[in-house]
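One structure is given below, encoded as structure tokens.
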Amino acid sequence: GRVRRSARSVFDGAGRPASRIGYALGDSVLAINPRGFFSRGIDFKTGYGLTPGDELRMLDVVRQLGEELPWQVTATYLGAHVVPEGRSREEYVAEVIATLPQALAHGAEWCDVFCDVGVFTLDETRAILQAAAQHGLGLRLHAEEIGRTGAAGLAAEVGCASADHL
């Protein structure tokens, strides 16, 4: 539902140029922080591309913003935000894992997974996060926003730096 609708608004059928997305993100950050009050920086998460190419393109935009904005900018690869329509879960999880080295090469410092009812299961999430850790990415988790799944315990088990939406 919600993630897929947002993804369609970011990546329309014509495919927005990365620079246009970057300008929109940069303008948004400047609008919410006009005087530079961020004390440490800002983290951008992908998750709305729903294809490896678009996720990597989002990471490229974040890297470019990091060169232009006056704060420390980090990037989180959230390739496992939702299984795209028409894709098998198993195939998509394998694709997310296979894309981790490229995500790192495109500037990702963190990997995040949306582990919740109707999204990614504990086993799928564990596999993605363990692979991410093996590639040297920091770990984060969207956990239990919709229902109790045990994701908070998984976050502790695998050493996530954060578990959001509890």
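Please read these numbers as outputs of a predicted model, since none were measured by experiment.
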### Carboxylate-amine/guanidinium contact D60 R57, below 4.0 Å
no
#### Entry: R126: salt bridge (Lys or Arg N to Asp or Glu O under 4.0 Å) partners, not counting sequence neighbours
D123, E157
### Task
Indicate the ring-plane relationship of F114 and H142, choosing parallel, tilted or perpendicular according to the 30° and 60° boundaries.
tilted
### Message
Checking the side chain of E55 only, and the main-chain atoms of Y48 only, is there a donor and an acceptor separated by less than 3.5 Å?
### Response
yes
### Query
Any chance CZ of R87 has more than 12 other-residue heavy atoms, nucleotides or ligands included, within less than 6.0 Å?
yes
#### Entry: Ionic contact status for R148 with D116, cut-off 4.0 Å
no
### Task
Could you list the residues that satisfy ring pair (Phe, Tyr, Trp, His ring centres under 6.0 Å) with H135, not counting sequence neighbours?
none
### E144 side chain to A152 backbone, donor-acceptor under 3.5 Å
yes
### Query
Do C115 and T121 touch side chain to side chain, with heavy atoms closer than 4.5 Å?
no
### Message
Does any part of the side chain of T46, heavy atoms only, come nearer than 4.5 Å to the side chain of L59, both counted from C-beta?
### Response
yes
### Query
What pairs with E109 under salt bridge (Lys or Arg N to Asp or Glu O under 4.0 Å), at least two apart in sequence or on another chain?
none
### Query
With a 4.5 Å limit on heavy-atom distance, are the side chains of T76 and F44 in contact?
no
